[in-house]
> 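Sharing a structure, written as structure tokens. Questions coming.
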Amino acid sequence: MKFNHRTHTCGALREENIGSHVVLNGWVNIRRDLGGVIFIDLRDRYGITQVVFEPHYNLEAHELGKKLRSEFVVSIEGNVRKRPEGTENPLLDTGNIDVMVDKLIILNHADTPPFPIEESIDVSEDTRLKYRYLDLRRPKMQRNMMLRHKLYQSTRRYFDAMDFIEIETPVLMKSTPEGARDFIVPSRMHKGKFYALPQSPQQYKQLLMVSGFDRYFQIVKCFRDEDLRADRQPEFTQIDLEMSFVDVDDVFVIMEGLMKQLFKELKGYDVDLPLPRLSYEEAMERYGSDKPDLRFGLEMVTLNDVFANAEFRVFKDALNSKGIITGLLAKGCGDYTRNQLDVLTDFAKKQGAGGLIWMRVKENDLEAPIAKFLSDDEKKGLIEKLNAEPGDLLFMLTGPKTKTLNIMGHLRLEMARRLELIKHDAKPALLWVTDFPLFEWDEETGRYYAMHHPFTAPRVEDEQYMESDPGRVYARAYDLVLDGNEIAGGSIRIHNSELQAKMFKALGISDEEAAEKFGFLMNAFKFGAPPHGGMAFGLDRLSMLFSGESSIRDVIAFPKTSSGMSLMDESPSTVDEHQLKELHIKLR
RNA sequence: GGGGAUGUAGCUCAAUUAGGAGAGCAUCGGUCUGUCGAACCGAAGGUCGUGGGGGCAGAACCCAUCAUCCUCGCCA
């Protein structure tokens, strides 16, 4: 089909173009047919321009213009004209002009779209995902994709300027036992053998350090076969980096520089450096989360010392079993009704709490079902410690430390929502969380797991406990948190094969298994591995937060549903029997 | 794997206690020369997610199942 190249985009024309003859190509956003005159909003990714078909101006074009419908693809030629006085549209950048059409070419017809292509639409996500190519035409999605593009470009510019080298690592790799479930790829050439898709390029980037590349980065797809969430997809994108001859603070400086640049270039916001740091313990005790949202206060307080001599059995049990008593002050919520408190109690119970203790703070007393179990000293201590005043409400939870703090952390977020503590224009809250435990004990399997990953270095002063008491070893690991979201995590790595062997031993991985699964890394470490460390950013989450979205699906062009399906192309799908046969696979 | 919410016209939703499937938008036709959420008049449009059950009668009740969203577990 013959058509002319555009002279302008649909967002370009202004009053200075009045009088010029132009060609515009784009989609019919909407048609307004007034009988004698037809207006078309012509759309491309740059904007919208109103084009006009008028019989006295051009009869032929007007006749053909009657056929236009939403989402037709057209090419028009015409003259830019100043809009008649009073008909300007201030909502459009091009709103002071319109284009009188001399020639219309319909490049393609379009079925009526299942939903309107508009800024904000009220359409179920299934429908949007099924017709994702239409959803992506919407200005909002176009903006999200463009912002993501800028995120890539700015990141690449930053790391290049900092002497980092972008190196691609394999997508087909060896399955590793630790961590998330692998996506598995069968090998046709090696019967019964499988590749795995990387959960992250962790081992490869460490090997690149052994190779002397010194500073590496990559924007890379990673895959984890685990259940999904609003902020988790089975395939996702990381900004991955690794540096040699560094300690924790060196990594922080690089990352803080990146955050400063990204915030400046993408949001026009100046981040104050250095970023605040919280230890894992402190984050848990004060915010009940290892990714605390610091856009608001509402801090939790550990009350163990207030109740050190408690008679009340619930508190006594908690203290005797090395548990925790944690409190939260809800300012001015003393008028919450029994019904509201029951709802919050249910909320806590759903998270796994035994119950939720609440107390209304009165002029000279505490009003609560459990008040009679507390001594006057305890009541006084509680009020002082929580800084409570008459009219306030306070919550308490008791139980095993991590779990209880977590539940209170959820309650903290819930109360923040109810009290609308997160202002729309709140300053972004960035912080480091440091000093994670190296290991996590798992009751079910009766063994330790690496909290970060098995290549994470212990703090030097804790190395001595690696064998005797792994539970008290802290890691040289750190997370970067933005507005209550974990957006990056990393660590200084083990670079010596003996320490790495100790690590595997603590994880209950036998020498044989370690040699089989990680032998190549252990071997590499014997040939002169520099001290190194790095980080990986969740680019999707970062992109989501910059776009102001609440799901990473809104910043991924073609995402999966929460059951891992692609509604557009209907994957995953069955394959032919002969494909399976070639792969030596039999379904059962 | 567990919990919660949802599923009715192309889209968003309604339908009281089980008793005539409806509205707005979109679509189609008509009127209309300055609209920009055009307006006005008219029309068409339904496997009530799917399968089964009880019942004179089901969109509604029961069972199963599928899908979507949120969430706990899980995510080194």
Side-chain angles (χ1 to χ4, degrees), chain A residues 29-42 48-57 62 69-71 81 83-92 94-95 98 100 111-131 134 176-182 198-200 202-203 222-234 236 346-347 349-353 403 406-407 410 436 438-440 442 444 448-456 475 477 486 489 491 503-504 507 509 518 536 538 550-551 553 560-565 567 570:
Chain A
N29 199 54
I30 202 163
R31 166 190 63 121
R32 290 180 294 278
D33 185 350
L34 275 64
V37 60
I38 301 170
F39 298 100
I40 300 290
D41 284 348
L42 195 63
I48 284 178
T49 301
Q50 173 167 280
V51 302
V52 186
F53 298 87
E54 221 217 60
H56 293 318
Y57 183 83
H62 180 259
R69 295 294 183 271
S70 288
E71 302 310 310
R81 203 189 55 170
R83 288 200 190 191
E85 184 98 17
T87 64
E88 301 87 357
N89 184 349
L91 299 175
L92 293 180
T94 59
D98 49 26
M100 301 300 292
D111 286 353
T112 303
F115 51 85
I117 312 301
E118 289 169 4
E119 176 70 22
S120 13
I121 50 169
D122 187 12
V123 179
S124 74
E125 202 168 346
D126 334 9
T127 309
R128 289 176 53 204
L129 289 178
K130 183 173 177 189
Y131 301 96
L134 297 180
T176 50
E178 294 289 296
R181 220 173 271 123
D182 282 326
Q199 299 170 28
S200 87
Q202 184 60 36
Q203 291 153 68
C222 300
F223 306 85
R224 294 179 189 174
D225 189 4
E226 297 292 346
D227 285 1
L228 312 182
R229 290 281 189 286
D231 63 352
R232 277 171 16 198
Q233 283 275 304
F236 60 100
D346 279 350
F347 177 84
K349 281 185 176 167
K350 264 188 191 165
Q351 311 277 335
K403 183 182 167 190
N406 252 315
I407 297 165
H410 279 112
F436 284 85
L438 187 61
F439 299 104
E440 264 179 315
D442 183 64
E444 226 172 274
Y448 281 106
Y449 281 86
M451 196 159 178
H452 186 53
H453 58 53
F455 316 108
T456 301
E486 181 196 328
S491 62
M503 182 74 186
F504 287 141
L507 293 172
I509 298 173
F518 302 108
S550 51
S551 164
R553 292 187 297 273
K560 308 275 191 287
T561 67
S562 72
S563 68
M565 297 218 292
L567 297 181
E570 296 182 313

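Every chain is numbered from 1, with letters handed out A, B, ... down the list of sequences. Both backbone and side-chain heavy atoms feed into the values below; hydrogens, waters and symmetry mates do not.
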> Work out how far the P atom of B:U27 is from that of B:G10, and round it to whole angstrom.
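Rounded to whole Å, the distance is 15 Å.
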> Side-chain N or O of A:Ser563 less than 4.0 angstrom from OP1 or OP2 on B:U68?
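Indeed, a polar side-chain atom of A:Ser563 lies that close.
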> What nucleotide among B:C72, B:G34, B:U12 has an atom nearest to a side-chain atom of A:Asp122?
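Of all the options, the side chain of A:Asp122 is nearest to B:U12.
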> Looking for any heavy atom pair under 4.0 Å, which part of the strands does A:Pro113 touch: base, sugar-phosphate only, or nothing?
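If one applies the 4.0 Å heavy-atom cut-off, A:Pro113 turns out to touch nothing in the nucleic acid.
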> How many angstroms lie between atom CE of A:Met565 and atom CG of A:Asp126, to the nearest 0.5 angstrom?
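Answer for the CE-CG pair, A:Met565 versus A:Asp126, is 10.0 Å.
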> Provide the Watson-Crick or G-U wobble partner of B:U27, both distances under 3.5 Å; none if there is no partner.
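Checking every strand shown, B:U27 finds its partner in B:A43, with both distances under 3.5 Å.
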> Quick check: A:Phe39 with A:Phe53 (ring centres under 6.0 Å apart)?
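A:Phe53 vs A:Phe39: aromatic centres not under 6.0 Å.
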> Using 4.0 Å as the upper bound for N to carboxylate O, is an ion pair formed by A:Arg181 and A:Glu226?
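So A:Glu226 pairs with A:Arg181 through a salt bridge.
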> Would you say CD of A:Glu570 has more than 12 non-hydrogen atoms from neighbouring residues, nucleotides or ligands within 6.0 angstrom?
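No, not enclosed.
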> Classify the ring geometry of A:Phe518 against A:Phe504: parallel below 30°, tilted from 30° to 60°, perpendicular beyond 60°.
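Rings of A:Phe518 and A:Phe504: parallel, under 30°.
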> Taking CG from A:Leu34 and P from B:U35, how many angstroms apart are they, rounded to a whole number?
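It is 8 Å, rounded to the nearest whole Å.
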> Hey, is the side chain of A:Ser551 poking within less than 4.0 Å of OP1 or OP2 on B:C69, counting only N and O atoms?
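No, A:Ser551 has no side-chain N/O under 4.0 Å of OP1/OP2 on B:C69.
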> Are any of A:His410's side-chain N or O atoms less than 4.0 Å away from OP1 or OP2 of B:U71?
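No, no such contact exists.
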> Between A:Phe115 and A:Ser70, just flag the one whose closest nucleotide in RNA chain B comes earlier from the 5' side.
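By nearest-heavy-atom nucleotide position, the 5'-most residue is A:Phe115.
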> B:G46 and B:A9: how far apart are their P atoms, nearest whole angstrom?
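Approximately 10 Å lies between the P atom of B:G46 and that of B:A9.
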> Quick one: A:Tyr131 OH to B:A26 P, roughly how many Å, whole number?
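Nearest whole value for this atom pair: 19 Å.
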> Check the distance between B:U68's P and A:Glu570's CD and give it to me in whole angstrom.
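My rounded result for the distance is 11 Å.
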> Checking only heavy atoms, does the side chain of A:Arg232 share a donor-acceptor pair with the base of B:C75 at less than 3.5 Å?
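Yes.
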> Categorize A:Ile30 for me: base, sugar-phosphate, or nothing, with a 4.0 angstrom heavy-atom threshold over every strand shown.
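Contact class for A:Ile30: sugar-phosphate only.
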> Can you tell which of B:C69, B:C28, B:A67 lies closest to the side chain of A:Arg553?
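The nucleotide sitting nearest to the side chain is B:C69.
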> Is a side-chain N or O of A:Glu88 found less than 3.5 angstrom from the main chain of A:Gly86, in a donor-acceptor match?
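Yes; at least one donor-acceptor contact below 3.5 Å.
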> With nearest nucleotide decided by heavy atoms, which residue, A:Leu129 or A:His56, maps closer to the 5′ end of RNA chain B?
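Result of the comparison: A:His56.
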> Considering only heavy atoms and no angle criterion, is a donor-acceptor pair shorter than 3.5 Å present between the side chain of A:Arg83 and the base of B:U35?
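Donor-acceptor pair under 3.5 Å: yes.
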> What's the closest nucleotide to the A:Ala180 side chain, out of B:A38, B:C75, B:U68?
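Within the option list, the nearest is B:C75.
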> If you take the centroid of each ring, where Trp contributes its six-membered ring, are A:Tyr449 and A:Phe439 closer together than 6.0 Å?
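Not under 6.0 Å, so no.
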> A:Leu42 CG to B:C36 C1': how many Å, rounded?
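Taking CG of A:Leu42 and C1' of B:C36, I get 14 Å after rounding.
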> Kindly say if A:Ser562 contacts the phosphate of B:C69, meaning a side-chain N or O under 4.0 Å from OP1 or OP2.
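A:Ser562 to B:C69 OP1/OP2: side-chain N or O found under 4.0 Å.
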> If you measure from the C1' atom in B:A38 to the same atom in B:A26, how many Å do you get, rounded?
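Between the two C1' atoms, the distance is 15 Å.
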> Using the P atom on both, measure B:U6 against B:U12 and round to a whole Å.
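That atom pair is separated by 16 Å.
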> For the P atoms, the ones on B:C56 and on B:U65, what distance do you get once it is rounded to whole angstrom?
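Looking at atom P only, B:C56 and B:U65 are 28 Å apart.
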> Any chance you could measure A:Asp33, atom CG, to A:Ile38, atom CD1, to the nearest 0.5 Å?
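So the gap between those two atoms works out to 4.0 Å.
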> Report the distance from atom CG of A:Asn406 to atom P of B:C75, rounded to the nearest whole Å.
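Answer to the nearest Å: 14 Å.
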> Could you tell me whether a side-chain N or O of A:Arg553 sits under 3.5 Å from a main-chain N or O of A:Thr561, the two making a donor and an acceptor?
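Not at all, since once roles are kept as given, no pair shorter than 3.5 Å links the two residues.
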> Measure from the ring centre of A:Phe39 to the centre of the six-membered ring in the base of B:U35, then say whether that distance is under 5.5 Å and the planes meet at under 30°.
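Yes, aromatic ring over the base.
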> Please name the nucleotide paired to B:A9 by Watson-Crick or G-U wobble geometry with both distances under 3.5 Å, or report none.
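Partner of B:A9: none found under 3.5 Å.
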> Any sub-3.5 Å donor-acceptor pair from A:Asp182's side-chain atoms to A:Thr176's backbone N or O?
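Checking the backbone N and O of A:Thr176 against the side chain of A:Asp182, a donor-acceptor pair under 3.5 Å is found.
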> With both distances kept under 3.5 Å, what pairs with B:A64, Watson-Crick or G-U wobble?
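Because both required distances fall under 3.5 Å, B:A64 counts as paired with B:U50.
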> So what does A:Glu440 hit on the nucleic acid, given a heavy-atom distance under 4.0 Å: a base, only sugar-phosphate, or nothing?
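Nothing, no heavy atom under 4.0 Å.
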> Out of B:C69, B:G34, B:C36, which has the shortest distance to the side chain of A:Arg32?
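The answer is B:C36.
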> Without swapping roles, check the side chain of A:Thr127 against the backbone of A:Phe115 for a donor-acceptor pair under 3.5 Å.
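No, A:Thr127 side chain to A:Phe115 backbone: no donor-acceptor pair under 3.5 Å.
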> Quick test of your reading of the model: are A:Arg32 and A:Asp41 salt-bridged, counting only N-O distances below 4.0 Å?
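Yes.
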> Nucleotide by nucleotide, 5' to 3', does protein get under 4.0 Å of the base (B), only the sugar-phosphate (S), or neither (-) in nucleotides 1-8 of chain B, counting heavy atoms?
B-------
> Is there a Watson-Crick or G-U wobble partner for B:G19 with both distances under 3.5 Å, and which nucleotide is it?
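Answer to the pairing question: B:C56, which forms a Watson-Crick or G-U pair with B:G19.
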> For a quick check of understanding: with a heavy-atom distance under 4.0 Å over all strands, which category does A:Asp225 fall into, base, sugar-phosphate or nothing?
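A:Asp225: no heavy atom of the nucleic acid under 4.0 Å.
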> From the set B:C36, B:U68, B:C72, return the single nucleotide nearest to any side-chain atom of A:Asp41.
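The nucleotide sitting nearest to the side chain is B:C36.
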> With a 3.5 angstrom cut-off on both distances, give the Watson-Crick or G-U wobble partner of B:C32, or none if there isn't one.
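WC or wobble partner does not exist here.
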> Between B:C25 and B:C36, how far apart are the P atoms? Round to whole Å, please.
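It comes out at 15 Å once rounded to the nearest Å.
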> When we call it a touch if two heavy atoms are under 4.0 Å apart, what does A:His62 touch: a base, just sugar-phosphate, or nothing?
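If one applies the 4.0 Å heavy-atom cut-off, A:His62 turns out to touch nothing in the nucleic acid.
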> Can you find a donor-acceptor pair, distance only, under 3.5 Å between A:Gln50 side chain and B:U35 base?
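Indeed, a donor on one side and an acceptor on the other fall under 3.5 Å apart.
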> Of all the choices, B:C32, B:A67, B:U12, which nucleotide is nearest to the side chain of A:Val123 once you look at every atom?
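From the listed options, B:U12 comes nearest.
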> Over all strands shown, is A:Ser200 touching base, sugar-phosphate only, or nothing at heavy-atom distances under 4.0 angstrom?
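If one applies the 4.0 Å heavy-atom cut-off, A:Ser200 turns out to touch a base.
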> Return the value, rounded to whole Å, for the distance between atom CG of A:Leu228 and atom P of B:U68.
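Distance check: A:Leu228 CG to B:U68 P gives 10 Å.
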> Between B:U31 and B:C48, how far apart are the C1' atoms? Round to whole Å, please.
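The same atom, C1', in both gives a distance of 37 Å.
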> Without decimals, in angstroms, what is the distance between A:Lys349 NZ and B:U71 P?
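In whole Å, B:U71 P lies 23 Å from A:Lys349 NZ.
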> When rounded to the nearest Å, what value does the distance between P atoms of B:G45 and B:G4 take?
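Each nucleotide's P atom is 40 Å from the other's.
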> Expressed as a whole number of angstroms, how long is the span from A:Arg31:CZ to B:G34:P?
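Going from A:Arg31 (CZ) to B:G34 (P), I get 17 Å.
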> Could you check which residues of residues 84-91 of chain A get a heavy atom under 4.0 Å from RNA chain B? Sort them by number, please.
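RNA chain B contact set from residues 84-91 of chain A: A:Pro84, A:Thr87, A:Glu88, A:Asn89.
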> Could you tell me whether the side chain of A:Gln233 and the main chain of A:Lys560 form a donor-acceptor pair under 3.5 Å?
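Checked: pair present.
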> With a 3.5 Å distance limit and no angle check, can you tell me whether A:Gln199 reaches the backbone of A:Ala180 through a side-chain donor-acceptor pair?
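Checking the backbone N and O of A:Ala180 against the side chain of A:Gln199, a donor-acceptor pair under 3.5 Å is found.
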> Among B:U12, B:C28, B:U68, find the nucleotide with the atom closest to the side chain of A:Thr127.
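It is B:U12.
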